[in-house]
Amino acid sequence: MFKAKVNKSFTKSFNTSDVKKTDLTLITNNKLLLRHQSKNFEIDLMESNFNTKTYHLKINGNSYVVELEDELAINIAKMGFSMNNSKKINSITSPMPGLILNINVKEGQKVKNGDVLLVLEAMKMENSIISPKDGIVKLVSVKKGLTVEKNEHLIELS
Amino acid sequence: MKKILIANRGEIAIRVMKTAKKMGIKTVAVYSDADKNAPHTNFADESICIGEPPSNKSYLLGSKIIEVAKKLNVDAIHPGYGFLSENAGFAKEVEDNNIIFIGPKSSSIATMGNKLAAKDAVKKYNIPMVPGEDKAIQSPEKAAEIAKKIGFPILIKAAAGGGGKGMRIVYQESEILEQLKRAISEATSAFGDGSVFIEKYIESPRHIEIQVLADSLGNVVHLFERECSVQRRHQKVVEEAPSSILTPELRSKMGEDAIKVAKSCDYLGAGTVEFLVDKNLNYYFLEMNTRLQVEHPVTEFITGVDLVEEQINIARGKAISFIQTDLKIKGHALELRVYAEDSFQNFMPSIGTLTKYKLPVGNGIRVDNGFEEGMEVPIYYDPMLSKLITYGKTRDKAIQLMLTAIKNYEIDGIKTTLPFGKFVFEHVAFTSGNFDTHFVKNYFTENTIQKIIEEESTIAAITALKLYLEAQKKIKVAQIN
């Protein structure tokens with residue numbers, strides 16, 4: 001039994017016998033051809049690490065990082081050693097690098113789901129960052145005019 | 001004309017320089033600190049820094065650019081598209097400094113650059129127009145009033161607009177305030193003019209535009225249409241010529257109307273007259289773009305005309321090199337704009353370093369490109385990396401060649417619109433020619449994207465597992481030995 005986690009979001013379990021039905025051919029050093037249910041897919045192998053069981057592949061120009069887990073690891077997880085911290089969306093982070101054009105809320109202010117929290121400009125387009133829920137603004141960690149990176153913390157709600 | 005300065009950056013600066021070089025004209029590039037080693041900077045005969053990375057501190061500094069042009073004895077300035085290309089004040093200043101502006105007269109830019117003035121100029125020519133209020137508005141109350149009169153949905157548009165900036169669709173009254181604010185603010189920062197107006201939003205239209213050329217001897221011709229219906233955020237992503245829906249009669253009727261629009265503003269040089277075409281093939285005048293368009297290569301492919309060469313010759317006072325009846329549509333051309341955006345994440349800008357960047361090559365493939373491997377995509381400018389253009393004897397052949405070219409275009413380090421292009425050119429709505437400006441909304445849905453990602457993720461997972469098991473086998477064999 002193997003579990004594959006793709007791009008940290010998509011998970012699929014396989015038995016090793018499952019993959020026997022598909023053909024994988026090496027075309028060149030890092031180009032592969034996979035025949036799955038009679039459909040051919042050209043795959044670029046970007047990086048592979050046998051020890052960490054991590055494979056970075058490209059299909060149709062899209063990047064996929066696959067992390068494999070084998071039986072032993074799955075069993076350990078089943079015994080309760082894996083951490084599972086479900087987080088509620090209280091942290092608003094920047095979806096892209098850009099410039100904070102305007103901040104529409106203050107700390108302590110009540111906001112409703114859908115309210116515009118701030119306006120982020122990236123590549124000449126203005127994007128309204130909206131509140132994902134009803135709540136209170138706990139912290140505003142950026143200022144108007146500031147340049148932010150992707151995933152940078154913007155606002156904390158409670 | 002011995003030396004021209006290109007007041008632009010990226011692929012369009014290079015594209016203009018290529019024709020200039022072909023004509024034996026020297027080229028001057030201007031660049032910001034962010035573009036010190038950009039291909040356009042290195043491609044020119046002379047290059048000069050004009051300021052800091054933000055465009056309002058470099059590429060939008062008209063007076064500074066003119067000063068540079070005078071210092072280097074430049075005869076003419078080509079503005080490209082975007083930046084100062086449709087800035088009448090800049091064109092005027094260029095004229096006043098006895099430098100040739102490769103484009104229309106400043107007065108034509110002023111008329112057509114303001115969508116409200118444009119509507120006014122065209123009125124007497126009996127060209128069909130979209131219902132709306134042809135006055136600028138400021139207050140949400142007034143906007144709501146107009147909306148009630150013409151009916152939702154409405155489109156808020158910047159009078160000075162272009163490229164989807166300062167444009168917002170509003171479906172209901174409660175959205176008016178926020179959208180009006182955003183449109184005005186976007187228009188102010190993008191064009192320095194915050195006036196917006198309201199039009200009825202035509203549902204399911206196709207966006208079809210006519211390329212025109214006008215010379216100083218009074219000749220005006222049209223070079224047929226370009227279909228630009230596949231858009232995201234009101235910005236074109238896929239263009240083609242000819243359109244699959246125009247009949248020869250409609251084509252020549254729209255061509256004639258486009259010529260009238262050009263005449264209405266005493267046009268000079270290359271320009272584009274945009275129309276919306278509805279389901280019943282009624283067309284409405286949208287606006288005139290008084291510059292070379294991003295998508296001009298598709299027209300060049302089907303007509304065999306070098307539009308930049310014509311622009312330069314017209315600016316020199318020469319006549320257009322052909323007459324209307326010389327022109328015939330030959331074959332079919334497609335263009336995909338390759339943006340640094342994540343197609344699968346709502347076309348969000350994707351910024352980073354191009355760790356791998358290899359262009360497709362081949363007969364009928366043209367890439368107008370402004371980047372190279374190892375470069376970073378700067379956050380200050382439009383996120384377009386290049387334009388991928390393919391040409392075929394038939395539409396089907398051009399589509400097949402496009403799919404091959406997409407496959408052979410290797411980009412790592414950032415996400416691009418290439419996967420979206422593949423989706424479009426394989427989609428039956430596109431291949432059958434039965435689509436409109438809502439292609440993305442109708443077909444490139446969350447659900448569809450999810451399915452693509454799931455299928456590819458499954459393939460990736462199987463591949464990784466097979467690779468792992470094979471490597472494991474090899475290690476076991478090695479251990480036994």
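Here is how names work: the chains are called A, B, and so on, in the same order as the sequence lines, proteins then strands, and each is numbered from 1.
- Heavy-atom distances place both the backbone and the side chain of B/Thr458 under 4.5 Å from chain A.
- By the ring pair (Phe, Tyr, Trp, His ring centres under 6.0 Å) test, A/Tyr64 is found to be paired with no residue, residues two or more places apart in sequence or in another chain being considered.
- Near-neighbour residues of residues 102-119 of chain A relative to chain B, defined by a heavy atom under 4.5 Å from a heavy atom of that chain, comprise A/Val116, A/Val119.
- In this structure, the separation between CG on B/Asp342 and OG on A/Ser63 is 10.0 Å, given to the nearest 0.5 Å.
- B/Leu467 has its side chain within reach of A/Leu24: a pair of non-hydrogen atoms, C-beta onward, lies under 4.5 Å apart.
- Going from atom OG1 of A/Thr25 over to atom NZ of B/Lys466 covers 9.0 Å, rounded to the nearest 0.5 Å.
- The environment of B/Lys387 atom NZ is dense: over 12 non-hydrogen atoms of other residues, nucleotides or ligands sit within 6.0 angstrom.
- Contacts between A/Ser48 and chain B at a heavy-atom distance below 4.5 Å are absent for every atom of the residue.
- Separating the CD atom in B/Gln472 from the NZ atom in A/Lys53 is a distance of 8.0 Å, to the nearest 0.5 Å.
- With a 4.5 Å cut-off on non-hydrogen atoms, B/Asp412 touches chain A through its backbone and its side chain both.
- At a threshold of 4.5 Å between non-hydrogen side-chain atoms, the residues B/Ile462 and A/His36 count as touching.
- With respect to chain A, the highest number of heavy-atom pairs below 4.5 Å among B/Ser350, B/Ser457, B/Ala461 belongs to B/Ser457.
- With a 4.5 angstrom heavy-atom cutoff, B/Tyr409 does not touch chain A via any of its atoms.
- Both the backbone and the side chain of B/Ser185 come within contact range of chain A, with heavy atoms under 4.5 Å apart.
- With a threshold of 4.5 angstrom between heavy atoms, B/Glu455 approaches chain A through side-chain atoms but not through N, CA, C or O.
- When heavy atoms are compared at a cutoff of 4.5 Å, A/Leu45 approaches chain B solely by way of its side chain, counted from C-beta outward.
- The contact between B/Glu178 and chain A is made entirely by side chain atoms (from C-beta outward), counting heavy-atom distances below 4.5 Å.
- Scanning both residues, B/Ala464 and A/Leu57, for their nearest heavy atoms gives N-CD1, 4.2 Å.
- Ring planes of B/Tyr468 and A/Phe50: parallel class, angle under 30° (limits at 30 and 60°).
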(request) Would you please test B/Arg182 and A/Ser128 for side-chain contact (heavy atoms from CB on, under 4.5 Å) and show each step? (result) CA-CA 9 Å; B/Arg182 289 275 70 77; A/Ser128 300; 3.5 Å; yes
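- Two residues are said to be in side-chain contact when any heavy atoms from C-beta on lie closer than 4.5 Å; B/Ile406 and A/Asn60 fail this criterion.
- When side chains are defined from C-beta on, A/Met96 does not count as touching B/Ile379, because their heavy atoms never get closer than 4.5 Å.
- With a threshold of 4.5 angstrom between heavy atoms, B/Ile411 approaches chain A through N, CA, C or O but not through any side-chain atom.
- Only the backbone of A/Lys20 comes within less than 4.5 Å of a heavy atom of chain B; no side-chain atom from C-beta onward does.
- A/Lys39 touches chain B through its side chain: at least one heavy atom from C-beta onward sits under 4.5 Å away, while N, CA, C and O do not.
- When the shell of 6.0 Å around CD of A/Glu149 is examined, it contains 12 or fewer heavy atoms from other residues, nucleotides or ligands.
- Contact check for B/Phe344 versus A/Asn62: side-chain heavy atoms found under the 4.5 Å cut-off.
- The structure places CD1 of A/Ile43 at 3.0 Å from OG1 of B/Thr463, a figure rounded to the nearest 0.5 Å.
- Of the two parts of B/Leu465, the backbone and the side chain both hold a non-hydrogen atom closer than 4.5 Å to a non-hydrogen atom of chain A.
- Taking every heavy atom of both residues into account, A/Glu121 and B/Ser189 meet most closely at OE2-OG, 4.1 Å.
- Heavy atoms of A/Glu42 lying under 4.5 Å from chain B belong exclusively to its side chain.
- Side chains of B/Met348 and A/Pro95 form a contact here, defined as non-hydrogen atoms less than 4.5 Å apart.
- From A/Leu26, atom CG reaches atom CD of B/Glu470 across 8.5 Å, with rounding to the nearest 0.5 Å.
- Contacts of A/Ile59 with chain B are made by both backbone and side-chain atoms, with heavy-atom separations under 4.5 Å.
- Heavy-atom pairs under 4.5 Å with chain B were tallied for A/Thr147, A/Leu68, A/Asn7; the largest tally goes to A/Leu68.
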